[in-house]
Amino acid sequence: MRIENSFIPVTGVGERTERSLWEAGVTRWESFAPSAVGAKQAENIESFIAEASERLDDGDARFFRERFPSGSHWRCYENFREETCFLDIETTGLDQRRHDVTVVGTHSPGDTEVFVAGRDLTAERLQRRLDDAKLLVTFNGKRFDVPFLESAFDVDVDVPHVDLMYPCRRLGLTGGLKAIERETGIERDRQDLSGEDAVRLWREYERGDEGALETLVSYNRDDTENLRLLADHVTDLLDSDVFVSPE
DNA sequence: CTAATCACAGAAAGCTGACG
DNA sequence: CGTCAGCTTTCTGTGATTAG
């Protein structure tokens with residue numbers, strides 16, 4: 001489903017009203033007719049459509065961040081799929097105050113970039129990379145990756161952010177990213193790495209083991225790329241779950 | 001027109017779960 | 001190991017809509 005199928009960004013329209021619109025055959029903005037609802041709502045919907053169409057034509061993803069409730073940001077995925085940044089970080093531990101960011105992996109279709117602390121990881125590069133994206137996708141990133149980066153580098157995320165953990169939970173998929181990958185048949189051609197392994201590899205690298213860094217970076221690269229497979233899968237499932245179209 | 005109904009929004013409270 | 005956003009549920013207030 002696409003942004004143009006959505007009416008919940010309109011103030012005064014919730015999932016219930018949206019669903020009844022869909023069931024009445026109004027499945028996209030362009031098929032909306034004022035007679036479908038009362039006068040006041042029609043006015044709200046029409047002015048939303050007018051503004052949102054323009055923003056969408058301009059590819060302005062940021063506009064939709066505020067308009068969509070945060071649990072519905074996944075609806076922006078199809079529209080901005082090709083300009084999505086999949087993000088996964090590695091750190092020396094769970095506590096933002098005591099631990100450090102070691103590796104930041106970013107993937108967008110056809111372009112994976114991994115930044116390493118002490119080498120090419122800087123606030124400027126990171127911010128630039130984030131600014132290039134129209135949509136951010138993470139797993140548990142609302143609680144972990146993004147706040148960690150914001151406090152460590154003072155970067156700012158202002159695009160819609162899909163944290164796949166919540167959509168997964170809604171679909172009955174829990175147990176962490178690795179477990180969900182196994183459950184949904186997302187392949188890894190080698191054994192996966194635990195969080196503690198990531199910490200250990202970084203320590204080994206600090207003691208001079210270049211190979212350990214290479215391993216860490218290549219796993220992180222896989223993680224960000226797998227995030228894309230999961231996002232494709234999850235948005236597909238949610239789509240058939242949420243979007244109803246009259247036969 | 002009024003009255004009854006409906007749906008959204010916001011507040012409060014409790015809780016789950018995942019990250020390295 | 002430390003952490004708490006966001007989900008869910010419940011309740012209430014407020015408009016909007018619709019039936020009469």
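Small disclaimer: the values here were computed from a predicted structure and weren't measured. Below, read A as the first sequence line, B as the second, and so on, with proteins coming before strands; counting in each chain starts at 1.
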statement: Among the nucleotides C:dG2, C:dC7, B:dG20, whichever has the atom closest to the side chain of A:Ser70 is C:dC7
task: Find the distance A:Leu87:CG to B:dC19:P and express it as a whole number of Å.
output: 14 Å
- prompt: Which is true for A:Arg97 with a 4.0 Å heavy-atom rule: it touches a base, it touches only sugar-phosphate, or it touches nothing?
  reply: sugar-phosphate
task: Check each residue of residues 113-127 of chain A for a non-hydrogen atom within less than 4.0 Å of any atom in DNA chain C, then write out the ones that pass by number, or none.
output: none
field: Same apolar cluster (I L V M F W Y, side chains within < 4.5 Å links), A:Leu135/A:Leu229
entry: yes
Partner residues of A:Trp202 under the ring-ring contact (aromatic ring centres under 6.0 Å, His included) criterion, sequence neighbours left out: A:Tyr205
DNA chain B: 5'-proximal contact among A:Asp88 and A:Arg169 (nearest heavy atom): A:Arg169
Under 3.5 Å, N/O pairs linking protein and nucleotides 13-15 of chain B:
none

task: Using a strict cut-off of less than 4.0 Å between a Lys/Arg side-chain nitrogen and an Asp/Glu carboxylate oxygen, indicate whether A:Glu51 and A:Arg55 qualify as a salt bridge.
output: yes
- prompt: If you look at every strand shown and take non-hydrogen atoms under 4.0 Å, does A:Gly175 touch a base, only sugar-phosphate, or nothing?
  reply: sugar-phosphate
message: Applying a 4.0 Å non-hydrogen cut-off, can you work out what A:Asp100 is touching in the nucleic acid: base, sugar-phosphate, or nothing?
response: nothing
query: Which part of the nucleic acid does A:Thr92 contact within heavy-atom distance under 4.0 Å: base, sugar-phosphate only, or nothing?
result: nothing
message: Any salt bridge linking A:Glu30 with A:Arg2? Criterion: basic side-chain nitrogen under 4.0 Å from a carboxylate oxygen.
response: no
- request: Would you sketch DNA chain C in dot-bracket for me? Only Watson-Crick or G-U wobble pairs with both distances under 3.5 Å count, crossing pairs as [ ], other-strand pairs as |, the rest as dots.
  value: ||||||||||||||||||||
query: Is the closest side-chain heavy-atom distance between A:Val157 and A:Arg65 below 4.5 Å?
result: no
message: I want to verify a distance call: between B:dG20, B:dA7, B:dT16, whose nearest atom is closest to the A:Thr17 side chain?
response: B:dA7
- request: Return the residues of residues 143-166 of chain A meeting this criterion: a heavy atom under 4.0 Å from some atom of DNA chain B. Order them by number, or give none.
  value: A:Arg143, A:Phe144, A:Met165
field: Nucleotide C:dC7, atom C1' - distance to NZ of A:Lys142 in whole Å
entry: 11 Å
field: Carboxylate-amine/guanidinium proximity below 4.0 Å for A:Glu78 and A:Arg81
entry: no
Ion pair check, A:Asp163 and A:Arg169, cut-off under 4.0 Å: no
message: Counting primed atoms plus P, OP1 and OP2 as sugar-phosphate and everything else as base, spell out the protein contacts along nucleotides 11-20 of chain C at 4.0 Å heavy-atom distance: B, S or - for each nucleotide, 5' to 3'.
response: -----SS---
Residue pair A:Arg190, A:Ser218: steps toward the side chain to side chain donor-acceptor pair (under 3.5 Å) verdict: CA-CA 11 Å; A:Arg190 47 186 172 176; A:Ser218 87; 3.0 Å; yes
- line: Considering only heavy side-chain atoms of A:Glu196, the closest of B:dG20, C:dT3, B:dA18 is B:dG20
message: Do A:Ile180 and A:Phe139 have side chains that approach each other closer than 4.5 Å (heavy atoms only, starting at C-beta)?
response: yes
task: Measure across A:Ser6 and A:Phe48 and return the closest heavy-atom pair with its distance rounded to 0.1 Å.
output: O-CE2, 4.2 Å
- request: Look at the side-chain N and O atoms of A:Ser194 and state whether any lies under 4.0 Å from the OP1 or OP2 oxygen of B:dG20.
  value: no
message: Testing the basics here: between A:Glu90 and A:Asp88, what is the closest heavy-atom pair and its distance to 0.1 Å?
response: OE2-OD2, 3.2 Å
A:Arg19 with A:Glu23: basic N within carboxylate O range, under 4.0 Å: yes
